[in-house]
Peer 1: 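What follows is a structure written as structure tokens; I'll ask about it next.
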Amino acid sequence: MTQQNKRLRSVVKGVGSALPQRCVSNRELEQTVDTSDEWIVQRTGIKQRYIAGEGETTSTLGAAAARAALAKAECAAEDIDLIICATSTPDYTFPSSATMIQAELGITKGVAFDLQAVCAGFVFAVATADKFLISGSHKRALVIGSETFSRILDWQDRTTCVLFGDGAGAIVLEAQESEAPEGSESDRGVLTSHLRSDGRHRAKLYVDGGPSTTQTAGHLRMEGKEVFRFAVGHVTDVMRDAFAATGVTADDLDWFVPHQANRRIIDASAQKLGIAPEKVVTTVQYHGNTSAASIPLALAVACEDGRIKRGDLVMIEAIGGGFTWGAAIIRW
Ligand code: UT7
């Protein structure tokens, strides 16, 4: 009977993050683009963002975040056999940033690859790593979200350039055997994940270049209002799916850690699902929208300041270009 109830869970062992050295305030942006601190704060909640300088890239930031996560997890780099780096801004078209991070960490075994689902990338990467780990094929994963969106922004376009920032976050996930009753407080790990995509929305959020079209990296283009509408109107479906799959309710959640694009989207989504405002982790004011890095950066802040603790129920959720969107519930 006990044997039958044994299952593998992907348990979070540690979280880490890394930011570029240079912090750019809204006031500083006022000097170069026709905008105002007041507009940016009112419309988005963003007060500052970090912008990568010379020598700071998606792989260097990702490696720094990974090192920090390994230290928190008290895990040696050589014990990692799976690295997934969620990014839309890789150092190069190839090789993947994940393999660059792997080499930087001195890891020579296992597998490393990038995953591209834009701002939903970290949720997609957690879901993917979880499926590897619970299959028994791999034991310990580094799941990284790392971005340098500043390098694909059109700095003349005030409707997009004020919104994004650079940074990286990472978690260590470990496959652990659990005999705890499903859904109980000792049943730790990724409890469920739900991913969606719908390519019909491509033109609302895209980059206007790429190797196979323009042979350039291109610049980010966005119909902000349309993305906003979709984010608030539709994305709650995956969160409802996550609740239905686990029996967890909004009241049961300890923390809601959504993608950090816009404070108004975060607040509206939480309200729609009945999640109390004090359970919402918001870091968009510090980092701006860092795409796939935003959730692990927020997780790192909330773990560091003692909000997220072992045993807490945490929901992560994001939407990105494509559109792609997803949610997961994790017992910390
Ligand atoms: O991470 C991927 C997902 N991305 C998102 O979730 C972003 C979703 N969208 C949004 O967050 C919001 O739509 C924005 C923050 C991008 C824009 O907010 P909005 O309330 O939808 O503003 P808007 O686009 O309707 O623009 C309102 C006004 C316009 O002026 P008019 O036409 O009313 O005269 C814009 O030209 O604000 C103007 N505007 C600005 N003004 C000062 C646009 N950008 C700026 C700016 N500074 N940076």
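Whatever order the structure lists ligands and atoms in, that order sets their numbers, starting from 1.
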Peer 1: If we set the cut-off at 4.0 Å for heavy atoms, which region of Thr35 has an atom near ligand 1: side chain, backbone, both, or neither?
Peer 2: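 Answer for Thr35: both.
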Peer 1: Any protein heavy atom sitting closer than 4.0 Å to atom 21 (O) of ligand 1?
Peer 2: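 It does: a protein heavy atom is found less than 4.0 Å away from atom 21 (O) of ligand 1.
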Peer 1: What's the shortest distance from atom 3 (C) of ligand 1 to any protein heavy atom, and which residue and atom give it?
Peer 2: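 Atom 3 (C) of ligand 1 sits closest to the protein heavy atom Val227 CG1, 3.6 Å.
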Peer 1: Keeping the roles fixed (side chain from Asp114, backbone from Ala98), state whether a donor-acceptor pair exists under 3.5 Å.
Peer 2: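 Here the side-chain-to-backbone pair exists.
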Peer 1: Verify the contact flag for atom 30 (O) of ligand 1, where contact means a protein heavy atom under 4.0 Å away.
Peer 2: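 When distances to the protein are checked, atom 30 (O) of ligand 1 has no heavy atom within 4.0 Å.
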Peer 1: Do the charged groups of Arg221 and Asp154 touch, with an N to O distance under 4.0 Å?
Peer 2: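 Result for this pair is yes, salt bridge flagged.
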Peer 1: What are the atoms of ligand 1, with element, lying closer than 4.0 Å to any heavy atom of Asn289?
Peer 2: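 So the answer, numbered in order with elements, is 1 (O), 2 (C).
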Peer 1: What residue and heavy atom of the protein are closest to atom 40 (C) of ligand 1, and at what distance?
Peer 2: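 Here the closest protein heavy atom is Trp39 CE2, 3.3 Å.
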Peer 1: So that I can tick it off, tell me whether Asp81 and Lys139 are bridged by a salt bridge, with the cut-off set at under 4.0 angstrom between side-chain N and carboxylate O.
Peer 2: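 No salt bridge links Lys139 with Asp81.
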Peer 1: Which of the numbered atoms in ligand 1 are under 4.0 angstrom from any heavy atom belonging to Leu205?
Peer 2: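 Near Leu205, meaning under 4.0 Å from one of its heavy atoms, ligand 1 has 2 (C).
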Peer 1: Just jot down the ligand 1 atoms closer than 4.0 angstrom to any heavy atom of Arg264, in number order.
Peer 2: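 Under 4.0 Å from Arg264, ligand 1 has these atoms: 18 (O), 20 (O).
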Peer 1: List every atom of ligand 1 that sits less than 4.0 Å from any heavy atom of Thr159, numbering the atoms from 1 in the order shown and giving each element.
Peer 2: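 Listed by number with element: 43 (C), 44 (N).
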Peer 1: Yes or no, since that's all I need: does a protein heavy atom fall within a distance strictly under 4.0 Å of atom 48 (N) of ligand 1?
Peer 2: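 For atom 48 (N) of ligand 1 the answer is yes, since some protein heavy atom falls inside 4.0 Å.
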Peer 1: Given the protein's heavy atoms, is any one of them under 4.0 Å from atom 9 (N) of ligand 1?
Peer 2: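 True for atom 9 (N) of ligand 1.
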Peer 1: Closer than 4.0 angstrom, basic N to acidic O: yes or no for Arg43 and Glu38?
Peer 2: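 No.
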Peer 1: Atoms of ligand 1 less than 4.0 Å from Ala261 heavy atoms?
Peer 2: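 Near Ala261, the atoms of ligand 1 are 1 (O), 5 (C), 6 (O).
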Peer 1: According to a hydrophobic-cluster definition based on side-chain heavy atoms being under 4.5 Å apart (Ile, Leu, Val, Met, Phe, Trp, Tyr only), do Ile51 and Leu19 belong together?
Peer 2: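 Cluster IDs for Ile51 and Leu19 differ.
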Peer 1: Report the part of Phe228 in contact with ligand 1, treating N, CA, C, O as backbone and CB onward as side chain, heavy atoms under 4.0 Å; options are side chain, backbone, both, neither.
Peer 2: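 It is both backbone and side chain that touch ligand 1.
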Peer 1: If we only count N/O pairs under 3.5 Å, is Ser36 in contact with ligand 1?
Peer 2: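 By distance alone, the answer is no.
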Peer 1: Nearest non-hydrogen atom to atom 6 (O) of ligand 1 belongs to which of Val232, Asn262, Ile265?
Peer 2: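 Selected option, by shortest heavy-atom distance: Ile265.
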Peer 1: When you measure from the side chain of Glu74 to the backbone of Leu70, do you find a donor-acceptor pair of N or O atoms at a distance under 3.5 Å?
Peer 2: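 No, Glu74 side chain to Leu70 backbone: no donor-acceptor pair under 3.5 Å.
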Peer 1: Just which atoms of ligand 1 are under 4.0 Å from any heavy atom in Val162?
Peer 2: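 Counting from 1, the qualifying ligand atoms are 48 (N).
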Peer 1: Below a 4.0 angstrom heavy-atom separation, can you tell me which part of Leu163, side chain or backbone, both or neither, approaches ligand 1?
Peer 2: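 Within the 4.0 Å criterion, Leu163 contacts ligand 1 through side-chain atoms alone.
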Peer 1: Mind checking whether Val118 contacts ligand 1 via backbone (N, CA, C, O), side chain (CB onward), both or neither, at a 4.0 Å heavy-atom cut-off?
Peer 2: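 Neither; no heavy atom under 4.0 Å.
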Peer 1: Can we say Arg7 and Asp187 salt-bridge, meaning some charged N sits less than 4.0 Å from an Asp/Glu carboxylate O?
Peer 2: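 Yes, Arg7 and Asp187 are salt-bridged.
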Peer 1: What protein heavy atom sits nearest atom 36 (O) of ligand 1, and how far away is it?
Peer 2: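 Of the protein heavy atoms, Arg158 NH2, 3.1 Å lies nearest.
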Peer 1: Closest non-hydrogen protein atom to atom 23 (P) of ligand 1, residue and atom name please, with distance?
Peer 2: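 Looking only at protein heavy atoms, the one closest to atom 23 (P) of ligand 1 is Lys225 NZ, 3.9 Å.
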Peer 1: Step by step, would you call Arg49 with Glu28 a salt bridge (charged side-chain N to carboxylate O under 4.0 Å, His left out)?
Peer 2: CA-CA 11 Å; Arg49 75 285 295 139; Glu28 196 177 333; over 6 Å; no
Peer 1: Check ligand 1 against Met222 and write out every atom of the ligand that is under 4.0 Å from a heavy-atom position of the residue.
Peer 2: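 By the 4.0 Å cutoff, the relevant atoms are 4 (N), 7 (C).
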Peer 1: Tell me if a side-chain donor or acceptor on Gln260 pairs with a main-chain N or O of Thr283 at a distance below 3.5 Å.
Peer 2: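 Yes.
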Peer 1: Just say parallel, tilted or perpendicular for the rings of His287 and Tyr50, cut-offs at 30° and 60°.
Peer 2: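 Tilted.
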Peer 1: Can a donor-acceptor pair be found, under 3.5 Å and without considering hydrogens, that links the side chain of Glu147 to the backbone of Ala293?
Peer 2: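 No; zero donor-acceptor contacts below 3.5 Å.
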Peer 1: Can a donor-acceptor pair be found, under 3.5 Å and without considering hydrogens, that links the side chain of Gln116 to the backbone of Ala86?
Peer 2: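 The answer is no, because no donor-acceptor pair under 3.5 Å joins these two groups.
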Peer 1: Determine, for Arg140 against Glu174, whether the closest basic-nitrogen to carboxylate-oxygen distance falls under 4.0 angstrom.
Peer 2: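 Yes, Arg140 and Glu174 are salt-bridged.
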Peer 1: Closest non-hydrogen protein atom to atom 2 (C) of ligand 1, residue and atom name please, with distance?
Peer 2: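 For atom 2 (C) of ligand 1, the nearest protein heavy atom is Cys119 SG, 3.3 Å.
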Peer 1: Where is the nearest protein heavy atom to atom 27 (C) of ligand 1: which residue, which atom, and how far?
Peer 2: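 The closest heavy atom on the protein side is Arg43 NH1, 3.5 Å.
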Peer 1: When you measure from the side chain of Thr57 to the backbone of Thr60, do you find a donor-acceptor pair of N or O atoms at a distance under 3.5 Å?
Peer 2: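 Here the side-chain-to-backbone pair exists.
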Peer 1: So if I count the atoms of ligand 1 from 1 in the order they appear, which ones are less than 4.0 Å from some heavy atom of Thr44?
Peer 2: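 Answer for ligand 1: 15 (C).
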